[in-house]
Amino acid sequence: MALVLLIGSFLLGAVLSGVASAAIAVYWLGAFDSKFRDAPSAAFELEMWGLLALCLVALVVTVVAGLFFSGRLSASPRSMVSCALWGVAYPLLPRVIVALLEHFVDVENLLVPVVGWLYLIAFPALALFTLRVVKPHDQRHAL
């Protein structure tokens with residue numbers, strides 16, 4: 001049950017921040033391709049499809065990582081808020097990472113998709129890794 005609550009809080013944070021950042025990027029900043037100039041709602045819809053793909057990958061990764069850490073996860077209010085904050089950061093950081101990579105390498109460089117896939121898979125797993133409960137030393141080794 002703890003795993004379901006943690007995954008739910010991660011995905012809720014990711015969806016809320018993803019929808020808000022997509023709406024800000026499309027409707028306020030106008031940060032979309034010029035072919036969508038007459039139809040910003042189509043650009044917003046495309047952002048939503050990208051968010052759906054991001055959340056589906058996060059769901060699969062968090063389930064696998066959660067099953068790996070199944071005995072060490074707890075759904076305390078503190079861990080659920082922390083997991084939700086990890087989820088809020090999940091759809092926001094790829095824009096920053098791509099912008100930083102564009103300063104150092106060409107957009108068509110192989111490093112961009114490698115870093116993207118590494119982020120896509122490692123970030124949700126890292127979120128659950130930081131939330132695992134470490135058992136005290138005296139409970140691990142019973143004599």
Can you tell me how far apart [atom1] ([X]) and [atom2] ([Y]) are? Round to the nearest 0.5 Å.
X      : Y      : atom1 : atom2 : answer
Tyr90  : Ser17  : OH    : OG    : 11.0 Å
Tyr119 : Leu93  : OH    : CG    : 4.0 Å
Leu92  : Ile97  : CG    : CD1   : 11.0 Å
Trp86  : Thr130 : CH2   : OG1   : 4.5 Å
Thr62  : Leu131 : OG1   : CG    : 11.5 Å
Asp106 : Leu111 : CG    : CG    : 11.5 Å

Answer yes if Val15 and Phe44 sit in the same cluster of Ile, Leu, Val, Met, Phe, Trp and Tyr residues linked by side chain heavy atoms under 4.5 Å apart, and no otherwise. yes

Decide if atom OH of Tyr27 counts as having more than 12 heavy atoms of other residues, nucleotides or ligands within a radius under 6.0 Å.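 Atom OH in Tyr27 is crowded, with more than 12 foreign heavy atoms closer than 6.0 Å.
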
Please find the pair of heavy atoms, one from [X] and one from [Y], that lie closest to each other, and give the distance.
X     : Y      : result
Leu3  : Leu128 : CD1-CD1, 4.4 Å
Ala75 : Leu5   : CB-CD1, 3.8 Å
Pro40 : Val26  : O-CG1, 3.3 Å
Val61 : Ala125 : CG1-N, 3.8 Å
Leu6  : Ser74  : CD1-O, 3.9 Å
Ala22 : Met48  : CB-CE, 3.4 Å

Is there a side-chain contact between Ile7 and Leu59 (heavy atoms, below 4.5 Å)?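 Yes - at least one pair of side-chain heavy atoms lies under 4.5 Å apart.
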
Counterpart residues, ring pair (Phe, Tyr, Trp, His ring centres under 6.0 Å), relative to Phe129 (two or more places apart): Phe69

